[in-house]
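Take a look at the structure set out below.
Naming convention: chains lettered A, B, ... in sequence-line order (proteins, then strands); numbering from 1 in each chain.
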2 protein chains.
Amino acid sequence: MEMESGWLWIKGLPSRSLANTYEIYRQTTKIATDDPRKLIHSFKVGLALTLVSFFYYFQPLYNSFGVSAMWAVMTVVVVFEFSVGATLGKGLNRGLATLAAGALGIGANHLASVSGKTSEPILIGLFVFIQATASTFVRFFPRVKARYDYGMLIFILTFSLVSISGFRTDEILNLAQKRLSTILIGASTCVIVSICVCPVWAGEDLHNLVARNLDKLGSFFEDLTAENFRPWEAAQTENGSGVSVTRLNSVLDSKSSEETLANFARWEPGHGRFMYRHPWKQYLKIGNLTRQCGRRIEALINAYLNSSKTQAPEEIGGTIQDAFSGMISESGKALKEVASVIETMSRPPSPNPHLANLKIASKNLKSLLKSDFWEGYSNLSQVIRVAAVASLLIDIVVCVENIADAVNELSSMAHFKCKDGNNRDFRQVLVEIPSVSRVGNDGGDAVNKAEAGRQVLNV
Amino acid sequence: MEMESGWLWIKGLPSRSLANTYEIYRQTTKIATDDPRKLIHSFKVGLALTLVSFFYYFQPLYNSFGVSAMWAVMTVVVVFEFSVGATLGKGLNRGLATLAAGALGIGANHLASVSGKTSEPILIGLFVFIQATASTFVRFFPRVKARYDYGMLIFILTFSLVSISGFRTDEILNLAQKRLSTILIGASTCVIVSICVCPVWAGEDLHNLVARNLDKLGSFFEDLTAENFRPWEAAQTENGSGVSVTRLNSVLDSKSSEETLANFARWEPGHGRFMYRHPWKQYLKIGNLTRQCGRRIEALINAYLNSSKTQAPEEIGGTIQDAFSGMISESGKALKEVASVIETMSRPPSPNPHLANLKIASKNLKSLLKSDFWEGYSNLSQVIRVAAVASLLIDIVVCVENIADAVNELSSMAHFKCKDGNNRDFRQVLVEIPSVSRVGNDGGDAVNKAEAGRQVLNV
């Protein structure tokens with residue numbers, strides 16, 4: 001039995017390894033086609049490393065740098081990151097930390113050596129201990145962790161090496177100078193290759209990510225409109241074909257990647273459409289509001305999908321269907337408009353018309369919820385479901401408005417240019433709640449409702 | 001003017017630096033009191049580094065290791081992480097990657113040297129380029145990124161250094177052996193100090209984090225009950241004193257820290273209550289369900305806070321208030337019970353009674369929503385708000401049930417022990433929707449409702 005299973009295992013080996021090879025091939029092509037910059041980045045690392053390797057090869061350079069040349073190789077491997085910002089940040093961290101720690105280490109070394117032969121090792125041990133403890137603790141400070149974590153690591157490393165090496169070599173200044181210059185060469189090779197060969201800017205990535213997430217929410221709404229979102233006719237799309245919430249997950253989970261990109265972006269010089277000191281923090285604010293909006297959309301879809309199948313109450317459907325569809329499609333358009341403001345970095349000459357529509361539609365819906373329009377319907381469970389969707393929609397409109405405000409702030413902070421061409425259509429298309437008329441309702445009531453509706457529009 | 005402002009700047013210097021010093025002091029004490037393990041970790045790093053430094057001091061060790069002893073210092077600084085799992089993972093990654101890359105590097109070096117004097121540098125350059133490109137690309141594979149990212153980095157570094165250094169030294173095997181042994185000494189110092197001095201286990205942290213998040217949701221519900229949650233009397237707590245959603249943010253944003261901890265935990269050997277191969281992945285599942293539940297609670301609170309001030313319709317309040325309060329408090333209790341199952345790693349002998357209550361209460365509420373109980377109320381906007389809250393509550397109950405199921409799975413996967421002591425009170429306290437009675441309703445109707453209610457209970 002055991003032998004047989006062993007034989008089967010050996011027999012299965014070629015097909016399994018073939019399957020593994022295919023899996024690796026599949027993943028490779030997937031990553032390379034999803035984001036070709038990752039493939040390019042790999043070649044860039046290879047290039048930078050090969051360039052630096054020649055420091056070892058050419059005799060004159062070898063003579064002047066010696067063993068420390070390996071620090072250049074190490075610097076390239078450790079410092080070269082995917083985006084320019086991360087590479088610059090790590091390079092600067094490494095350079096400055098080496099400088100500071102080297103100076104302090106030499107000082108500590110000198111202090112220990114003048115104190116006498118017996119106390120020297122004790123003093124140096126004490127210095128290393130205190131420095132490592134303090135620096136490690138400082139790494140827990142949130143602000144240090146976000147920007148200077150790598151610098152603190154290099155600080156501990158260099159200080160320890162420099163102060164300890166004093167035991168053995170007296171040409172410590174010479175060593176320090178060599179190490180600094182090799183690190184400089186390694187880091188600048190990284191930065192030059194990173195910037196000159198197909199640069200990946202963290203700031204641009206952040207900018208695009210925030211715009212794309214807004215656009216995704218907009219498309220989500222547009223798909224809902226296309227599917228003729230009818231909350232009282234749930235369960236027809238329960239297989240999740242169209243309104244699956246999982247599509248929103250990439251938006252909901254983007255917080256940490258946005259924060260990382262913002263940290264990197266602050267190291268970057270001006271590039272393309274972005275100046276140095278572009279308001280990257282504002283993108284984080286917009287991102288947070290986007291996720292809030294996404295969570296409310298999730299709540300809307302959950303309320304929609306979880307409700308059980310019921311017949312469509314034609315009367316309600318006819319009256320309010322248009323209002324809902326209108327609000328959803330206007331929300332989608334407003335979000336897409338806002339996303340395109342970010343994407344094109346240009347603000348339209350007139351305010352977002354869809355937002356004005358949304359405000360009015362939301363007000364109308366609110367007054368409808370308060371009115372006695374619902375009274376006397378036979379199937380109240382449906383009324384209630386429609387009402388739940390309505391209140392979630394009103395919440396979403398508030399979110400959309402907040403997002404638009406934040407993008408407006410961004411556009412003035414970053415001096416987005418004004419769009420001149422008046423080729424776009426800025427008619428104010430009002431989304432009106434259709435006049436209330438319903439079977440079995442007396443005429444006088446209908447007149448009252450219409451009156452109330454007009455009053456709301458005048459508020 | 002300019003001189004004056006300069007003078008003011010100088011004059012302000014002492015007070016500003018005093019303020020900065022105070023700020024640093026404040027942050028230090030905050031971090032140290034919030035999590036004293038961070039302070040202990042700092043001392044542990046200092047200790048490990050000082051220990052390794054003595055490799056340089058004692059003459060015999062210095063002679064046998066030479067310059068490579070600095071690799072031990074470097075290994076300690078780079079490998080020592082906050083948790084045992086992270087330290088072990090980095091140490092193993094570093095050791096194995098050095099071994100593999102060293103062997104491959106020697107092979108590449110040998111291949112290049114037999115090919116002839118002129119083609120040697122070209123071949124080595126080619127090897128370095130191909131290896132760096134391929135390894136950098138492999139780092140983008142999600143599974144490699146999660147567990148072996150640091151190993152790949154060290155692989156690139158060591159391969160480059162070894163294959164390049166072949167240009168210069170012929171005692172490459174001797175060098176490789178020295179480097180490996182120093183790395184071994186550095187890494188094992190880290191691991192020993194990390195495990196022996198107040199160890200921080202990533203697995204235990206993950207376990208506690210997941211249990212604490214569930215407990216937080218439970219407490220949130222309990223606070224709601226204590227504040228007498230009345231969705232139709234919103235705006236009385238609009239200052240956010242009690243039901244502020246920001247308290248939930250730490251739960252909602254815990255995804256990435258949970259995933260990091262789970263990755264570290266898989267490196268850890270058995271410790272305390274956890275075996276090796278504890279089902280860490282199941283914690284991620286529970287964490288995801290917890291966040292989903294948290295998002296729905298957020299939706300509930302938003303629906304509650306955003307609604308405008310209205311009078312309390314006493315009739316509805318009296319009828320349904322108890323049902324809501326009951327569901328919220330039972331949800332809180334169920335979550336706290338589930339949290340304590342994780343925390344104590346012991347399952348109670350009988351199933352969670354609060355869950356059974358919740359199921360019945362949810363069923364009752366559903367049937368109430370479908371019934372014509374609501375009909376004829378004068379203020380429908382309040383009915384609608386209550387109904388919206390009701391449907392969100394039903395959603396939350398589904399979430400709580402899912403969480404309980406996932407925790408049950410965990411308890412059987414990880415063989416939680418059964419609690420024996422029957423000192424707990426497992427009476428099945430049914431939360432019934434109070435019998436429907438309302439002003440202006442005829443008696444026959446009330447009897448029908450009670451009948452329907454009983455039917456529901458029998459389903």
Take K30(A) and Q27(A), measure what side chain to side chain contact (heavy atoms under 4.5 Å, CB included) needs, and give me the verdict at the end. CA-CA 5 Å; K30(A) 189 177 174 298; Q27(A) 277 213 328; 5.5 Å; no
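Interface remark: D253(A) contributes side-chain atoms only to the contact with chain B (heavy atom separation under 4.5 Å). In this structure, chain B has heavy atoms under 4.5 Å from both the backbone and the side chain of I24(A). Neither the backbone nor the side chain of F80(A) comes within contact range of chain B, judged by heavy atoms closer than 4.5 Å. For T28(A), the parts lying near chain B are the backbone and the side chain together; criterion is any non-hydrogen pair under 4.5 Å. Within the 4.5 angstrom heavy-atom criterion, only side-chain atoms of K255(B), from C-beta onward, approach chain A.
In this structure the side chain of F140(A) never reaches within 4.5 angstrom of the side chain of D149(A), judged on heavy atoms. Looking at I156(A) and Q131(A), their side chains come closer than 4.5 Å, going by heavy atoms from C-beta outward. Side-chain contact between C190(B) and T75(B): absent, with no pair of heavy atoms (C-beta onward) separated by less than 4.5 Å.
Residues satisfying the side chain to side chain contact (heavy atoms under 4.5 Å, CB included) criterion with A32(B), sequence neighbours excluded, are F137(A), L39(B).
Chain B forms more heavy-atom pairs under 4.5 Å with one residue of H41(A), R295(A), R139(A), R291(A) than with any other, namely R295(A). The residue among L157(A), L252(A), I154(A) with the most heavy atom pairs within less than 4.5 Å of chain B is L157(A). Options D35(A), V45(A), V76(A) differ in how many heavy-atom pairs under 4.5 Å they form with chain B, and the most are formed by V45(A). No other option in V128(A), L49(A), V78(A) has as many heavy-atom pairs under 4.5 Å with chain B as L49(A).
One N or O on the side chain of T29(A) and one on the backbone of R26(A) form a donor-acceptor pair closer than 3.5 Å.
Checked against the 6.0 Å centroid criterion, the rings of F127(B) and F159(B) do not qualify as a close aromatic pair.
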